[in-house]
There are 2 protein chains.
Amino acid sequence: MASTFAILADPSRREILDLLRTGERPVGDLVDRLTLTQPTVSKHLKVLREAGLVDVRQDAQRRWYRLRPQPLAEIDAWLAPYRRMWEHSLDALERHLDTMPEDSTPDDSTPNDSTPNGTTADDSAEGTTP
Amino acid sequence: MASTFAILADPSRREILDLLRTGERPVGDLVDRLTLTQPTVSKHLKVLREAGLVDVRQDAQRRWYRLRPQPLAEIDAWLAPYRRMWEHSLDALERHLDTMPEDSTPDDSTPNDSTPNGTTADDSAEGTTP
DNA sequence: GGGCAATATAGCCGGATTGACATACTCAAG
DNA sequence: CTTGAGTATGTCAATCCGGCTATATTGCCC
């Protein structure tokens, strides 16, 4: 799983996966739609293959690549514990972005032990301080 | 979203997020548990901050960092179209692989439920614009 | 077998990134 | 105003990565 994030970090690779979502394709087809050269695409495919994100089927000279979603499932699993956080209060978050009220998540479980005190009251937001 | 994958690609950063999952923490606390130096942690926090993955609250000299799940939600959204692929039929997909004897799951009860495709391959794939 | 089509591999380069160290900044307490 | 805690920033070395060009490999077809 660790490396899957690194692999998805590249836009070209995500694009390849997106293309393969509709079904398997030969390399040349991918090259046609991506603005990359064939060797570059092959290199990406190698990376994806070694990560288990795609699978190849050989048909004469042509090699049909197909998506293998399993590693993505692991990413999904990694996300699981976090998912609660936005499922829990999505609207509250949006409201927060829009108007910046003053307070947010009601759950303050300070990990340490010393509840700092008043809880939150974040309003600092995006103050880019140069 | 694009950059969120790149940010999650770093194990230290994922570790930081994991630590923040239980609640906000000051920098020193993170430094204590990560085997990194304080400047390095601060640097990672800066990256996370600029990506909107964490948020800071200042309390005297101490800065409490807190998780902001929204970018993770976007990752989740990106995953959505793929999710069907494994949720729908993981075993069937593996069986569908050409001749992979590895599956060996003797009792596939999904008789003919939903052959994932058969079609796949829109071979019209050639790039010539329609 | 020769030639062509399709893909993979090798090698190179520029740029980005991570880590540590040293240093600057900020705030509260005397 | 000085000090010390807490954190941020700057710099440097090492490493990794994505893209390209050139070349090797494989397999059909004549």
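Each chain gets a letter, A, B and so on, in the order its sequence line appears, and its residues count up from 1.
- Within the 4.5 Å cutoff, the side chain of A/Leu45 has heavy atoms near those of the A/Leu30 side chain.
- Between A/Pro39 and B/His44, it is A/Pro39 whose nearest contact on DNA chain C lies nearer the 5' terminus.
- When the C1' atom of D/dT7 is taken as reference, atom CG of B/Asp29 falls 14 Å away, rounded to whole Å.
- At whole-Å resolution of the value, CG in B/Leu45 and C1' in C/dG19 are 15 Å apart.
- For A/Trp78 and A/Tyr82, the ring centers sit closer than 6.0 Å to each other.
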Base, backbone or nothing for each nucleotide of nucleotides 24-30 of chain D, written B, S, -, heavy atoms under 4.0 angstrom, 5' to 3'?
---BS--
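- B/His44 places a side-chain heavy atom less than 4.5 Å from the side chain of B/Leu36.
- Taking the salt bridge (charged side-chain N to carboxylate O under 4.0 Å, His left out) definition, one finds that A/Asp76 meets it with A/Arg83, B/Arg83, sequence neighbours left out.
- For B/Asp18, the salt bridge (charged side-chain N to carboxylate O under 4.0 Å, His left out) partners two or more places apart in sequence, or in a different chain, are B/Arg21.
- Rounding to whole angstrom units, CG of residue A/Leu48 and P of C/dT7 are separated by 16 Å.
- Here the nucleotide nearest the side chain of B/Tyr65, chosen from D/dG19, C/dA8, D/dA8, is D/dA8.
- Distances shown here put every side-chain N or O of A/Ser12 at or beyond 4.0 Å from the OP1 or OP2 atom of D/dG18.
- We find that CZ of B/Arg62 is positioned 14 Å from C1' of C/dA29, with the value rounded to whole Å.
- Atom-to-atom, NZ of A/Lys46 to P of D/dC17 comes out at 13 Å; the value is rounded to the nearest Å.
- Which of D/dA8, D/dT7, C/dA8 sits closest to the side chain of B/Arg49 comes down to D/dA8.
- Every residue two or more places apart in sequence or in another chain that forms a side chain to side chain donor-acceptor pair (under 3.5 Å) with B/Gln38 is listed here: B/Ser42.
- Atom pair B/Gln38:CD and D/dG10:P shows a separation of 14 Å (rounding to whole Å applied).
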Scan nucleotides 11-17 of chain C against the protein and return all N/O pairs shorter than 3.5 Å with their distances rounded to 0.1 Å.
none

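- Contact annotation: A/Ser42 reaches the phosphate of C/dA8 (side-chain N/O to OP1 or OP2, under 4.0 Å).
- Separating the CG atom of A/Leu36 from the P atom of D/dT21 is a distance of 12 Å, rounded to the nearest angstrom.
- No side-chain heavy atom of B/Leu34 sits under 4.5 Å from any side-chain heavy atom of B/Thr40.
- Two residues are said to be in side-chain contact when any heavy atoms from C-beta on lie closer than 4.5 Å; B/Leu8 and B/Leu72 meet this criterion.
- Annotation: side chain to side chain contact (heavy atoms under 4.5 Å, CB included) contacts of B/Val54 (sequence neighbours excluded): B/Leu17, B/Leu20, B/Leu48, B/Arg49, B/Tyr65.
- In this model, the phosphate group of D/dG18 is not approached by any side-chain N or O of A/Thr40 to a distance below 4.0 Å at OP1 or OP2.
- For the pair A/Trp64 CH2 and C/dT7 C1', the computed distance is 14 Å after rounding to whole Å.
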